[in-house]
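Take a look at the structure below.
Note that the structure is predicted; figures quoted are calculated from it, not measured. Along the sequence shown, residues are numbered consecutively beginning with 1. Order of appearance sets the numbers: ligands from 1, and atoms from 1 within every ligand.
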Amino acid sequence: MPTAEQYLKESLAAFDFGAPVVGALRFGQGHINDTFVVHTQPEDASCRRFILQRMSPAAFKHPDLLMENIVNVTEYLERMITQSGGDPNREALRVLRTRDGAAFYRDDAGCCWRVFPFVEETICYQSAETPALFAASGRAFGKFQRLLRDYPAETLHETIPRFHDTENRLANFKKAVTADVLGRAAGCREEIEFILAREADCSAALQAQREGTLPLRVTHNDTKLNNILMDRNTGEGICVIDLDTVMPGLSINDFGDSIRFGANHCAEDETDLSKVSLDLELFAVYTAAFLEGAEGTLNDAEIAYLPWGAKLMTLECGMRFLTDHLEGDVYFHIQRPGQNLDRCRTQCKLVSDMESNWDELAAIVAKSRPSR
Ligand code: ADP
Ligand code: GN1
Ligand code: MG
């Protein structure tokens with residue numbers, strides 16, 4: 001695949017930024033898309049910035065359907081935020097059209113690009129520097145659930161089929177272990193065994209969904225701390241970004257993915273595992289904040305299953321990193337060899353910590369349950 005830089009000029013020309021473009025630089029720390037910040041210079045105002053992204057063709061097979069989801073959801077959010085007296089320009093993403101009026105541009109190599117206005121005066125954090133910050137992200141992701149509770153989930157396209165189908169993720173993982181195309185399995189036996197030993201867990205939430213205990217909702221499905229923009233002045237989480245995987249899903253997975261990424265003090269690829277541990281205080285803070293932001297949207301069963309959301313998203317992510325390591329790092333961007341294995345190891349360590357503290361997690365959730 002050509003590099004994004006090879007098509008940058010062509011893509012920039014496809015959009016009407018309303019002012020001359022003065023530069024475009026790589027930006028952010030996402031694992032999936034190629035992201036650039038675009039600087040423009042209006043004649044009589046200060047520099048105006050935009051986010052330009054080449055969507056990952058490895059992750060997204062139908063960028064047209066994906067962008068249809070994003071346009072519909074962002075327009076819906078804009079209406080909901082306006083109705084409740086918020087500022088839609090800062091609290092929702094907006095899709096900037098191409099010169100032809102389309103929601104994205106397809107380059108000569110077949111890759112698709114899109115643009116959002118840059119939400120200024122915000123900070124995107126890679127780790128929860130304070131409990132207050134983590135709580136702010138919890139309120140924002142909880143609010144995201146609430147704002148979309150009446151959105152017709154069945155009208156959304158499944159942008160990555162079976163995205164959080166943990167049983168299917170496990171099946172794919174097993175195939176990668178068996179194929180072992182690069183001979184890497186011998187170097188990660190311990191991690192492979194760790195995941196295989198938790199086969200039964202992979203069905204916990206899906207079984208509850210099949211039985212009708214857990215309802216399908218509109219979910220974000222990638223609720224990492226760095227997929228939320230925090231207001232630089234107030235510290236509140238104001239804008240949920242990275243809407244590529246907004247699909248019908250389980251609320252406990254949105255909760256769980258945030259815990260996986262944020263309720264510890266380490267980077268996802270920390271190599272010193274003695275530093276990696278689940279922080280129970282952060283877990284408690286996030287639980288309370290998520291339920292506060294959701295304002296009664298979640299039912300009792302969903303609340304009771306929140307610890308499962310945390311464990312399953314962490315286990316699933318661990319097996320996805322290891323699958324990609326075994327397959328040759330074709331999905332998650334890496335900056336150094338072995339990075340996906342390191343990422344898998346941190347996830348396994350967090351799963352172990354959750355298992356050791358299982359009763360405590362359930363007690364924290366029970367304490368945070370809103371009275372009805
Ligand atoms: P990926 O799927 O690769 O994670 P994201 O959509 O999360 O891509 O974008 C990558 C990074 O770009 C984010 O973590 C954030 O720092 C920044 N970003 C994305 N959209 C905006 C925006 N509208 N305003 C400001 N920063 C943004
Ligand atoms: C990817 O796009 P980004 O970096 O926010 C991935 C998530 C993983 C995450 C692990 C579309 O998220 O599912 O949990 O990496 N997104 C996609 O860091 O696969
Ligand atoms: Mg992201």
Side-chain angles (χ1 to χ4, degrees), residues 4 24-39 48-61 63 66-67 69-70 74 89-96 113-127 137 158-166 169 172 219-232 237-247 249 253-254 256-262 266-270 312-324 329-335 339-340 342-344 346-347 350:
L25 297 167
R26 283 256 173 200
F27 192 77
Q29 298 193 27
H31 295 339
I32 301 296
N33 295 311
D34 289 286
T35 302
F36 298 84
V37 58
V38 179
H39 293 247
R48 195 167 297 142
R49 301 193 290 172
F50 296 84
I51 287 286
L52 169 71
Q53 287 180 319
R54 181 175 78 167
M55 290 170 257
S56 162
F60 306 113
K61 305 297 176 206
L66 181 158
M67 287 309 292
N69 276 358
I70 293 190
T74 52
N89 289 323
R90 285 175 58 69
E91 295 172 32
L93 282 182
R94 192 164 51 75
V95 175
L96 187 88
W113 299 70
R114 54 151 183 238
V115 171
F116 303 108
F118 196 101
V119 183
E120 297 291 353
E121 295 299 309
T122 56
I123 303 179
C124 180
Y125 291 91
Q126 298 304 323
S127 72
S137 76
E158 224 187 337
T159 52
I160 301 182
R162 311 180 78 175
F163 190 58
H164 283 322
D165 178 338
T166 316
R169 292 288 188 186
N172 291 339
T219 45
H220 182 280
N221 293 306
D222 190 3
T223 50
K224 296 201 289 195
L225 184 69
N226 65 11
N227 282 332
I228 195 146
L229 302 176
M230 317 299 250
D231 187 289
R232 186 184 289 282
I238 55 161
C239 185
V240 174
I241 60 169
D242 204 343
L243 303 177
D244 296 324
T245 49
V246 171
M247 291 183 270
N253 291 344
D254 271 9
D257 203 35
S258 294
I259 297 297
R260 173 191 81 71
F261 189 78
C266 286
E268 208 172 48
D269 60 352
E270 173 62 57
L312 285 170
M313 284 302 93
T314 314
L315 180 63
E316 182 188 285
C317 205
M319 71 177 91
R320 291 174 64 197
F321 287 142
L322 194 49
T323 304
D324 201 34
D329 308 302
V330 289
Y331 187 87
F332 294 106
H333 293 169
I334 54 164
Q335 286 82 39
Q339 195 172 6
N340 275 318
D342 292 336
R343 289 171 176 154
C344 165
T346 62
Q347 305 307 292
L350 288 172

Handout entry: Centroid separation Phe50 to Phe116 less than 6.0 Å
Key = no
Compute the minimum heavy-atom distance from [X] to ligand 2 and say whether it is under 4.0 Å.
{"X": "Gly30", "answer": "yes"}
{"X": "Met313", "answer": "no"}
{"X": "Arg260", "answer": "yes"}
{"X": "Tyr331", "answer": "yes"}

Side chains of [X] and [Y]: do they bring a donor and an acceptor to under 3.5 Å?
{"X": "Glu268", "Y": "Thr346", "answer": "no"}
{"X": "Asn221", "Y": "Thr219", "answer": "yes"}
{"X": "Arg169", "Y": "Asn172", "answer": "no"}
{"X": "Thr166", "Y": "Glu316", "answer": "yes"}
{"X": "His333", "Y": "Gln339", "answer": "no"}

Geometry only, no angles: is [X] polar-contacting ligand 1 at N/O separations under 3.5 Å?
{"X": "Thr122", "answer": "no"}
{"X": "Gln29", "answer": "no"}
{"X": "Pro117", "answer": "yes"}
{"X": "Val119", "answer": "yes"}
{"X": "Arg114", "answer": "no"}

Using side-chain heavy atoms (C-beta onward) and a distance below 4.5 Å, is [X] in contact with [Y]?
{"X": "Arg90", "Y": "Glu121", "answer": "yes"}
{"X": "Tyr331", "Y": "Phe321", "answer": "no"}
{"X": "Thr245", "Y": "Ile160", "answer": "yes"}
{"X": "Asn226", "Y": "Tyr125", "answer": "no"}

So which bit of [X] gets within less than 4.0 Å of ligand 1, heavy atoms only: side chain, backbone, both or neither?
{"X": "Val37", "answer": "neither"}
{"X": "Ile241", "answer": "side chain"}
{"X": "Asp222", "answer": "neither"}
{"X": "Asn33", "answer": "both"}

Problem - Where the Mg ion (ligand 3) is the vertex, angle from Asp242 OD2 to Asn227 OD1 to 10° - result: 90°
I need the nearest protein heavy-atom contact for [atom]: residue, atom name and distance, please.
{"atom": "atom 3 (P) of ligand 2", "answer": "Asp222 OD2, 3.4 Å"}
{"atom": "atom 8 (C) of ligand 2", "answer": "Arg320 NH1, 3.8 Å"}
{"atom": "atom 1 (C) of ligand 2", "answer": "Ile32 CG1, 3.6 Å"}
{"atom": "atom 9 (C) of ligand 2", "answer": "Lys224 NZ, 3.6 Å"}
{"atom": "atom 6 (O) of ligand 1", "answer": "Gln53 NE2, 2.9 Å"}
{"atom": "atom 4 (O) of ligand 2", "answer": "His31 N, 2.8 Å"}

Problem - Pair Asp242 + Lys224, salt bridge at N-O below 4.0 Å - result: no
Handout entry: Salt-bridge contact Asp324-Arg343 (side-chain N to carboxylate O under 4.0 Å)
Key = no
Problem - Polar contact flag for Asn221 and ligand 2 (N/O pairs, less than 3.5 Å) - result: no
Problem - Thr245, any N or O under 3.5 Å of ligand 2 N or O - result: no
Part of [X] within contact of ligand 2 (heavy atoms, under 4.0 Å):
{"X": "Ala59", "answer": "neither"}
{"X": "Phe332", "answer": "side chain"}
{"X": "Asn33", "answer": "neither"}
{"X": "Asp242", "answer": "side chain"}

Completion exercise
ligand 1 atoms nearer than 4.0 angstrom to some heavy atom of Leu93 are 23 (N)
Exercise for the section: Output the list of atoms in ligand 2 that are nearer than 4.0 Å to some heavy atom of Phe60, sorted by atom number. Expected result: 11 (C)
Exercise for the section: Assess whether atom CD of Gln29 is packed by more than 12 heavy atoms of other residues, nucleotides or ligands within 6.0 Å. Expected result: no
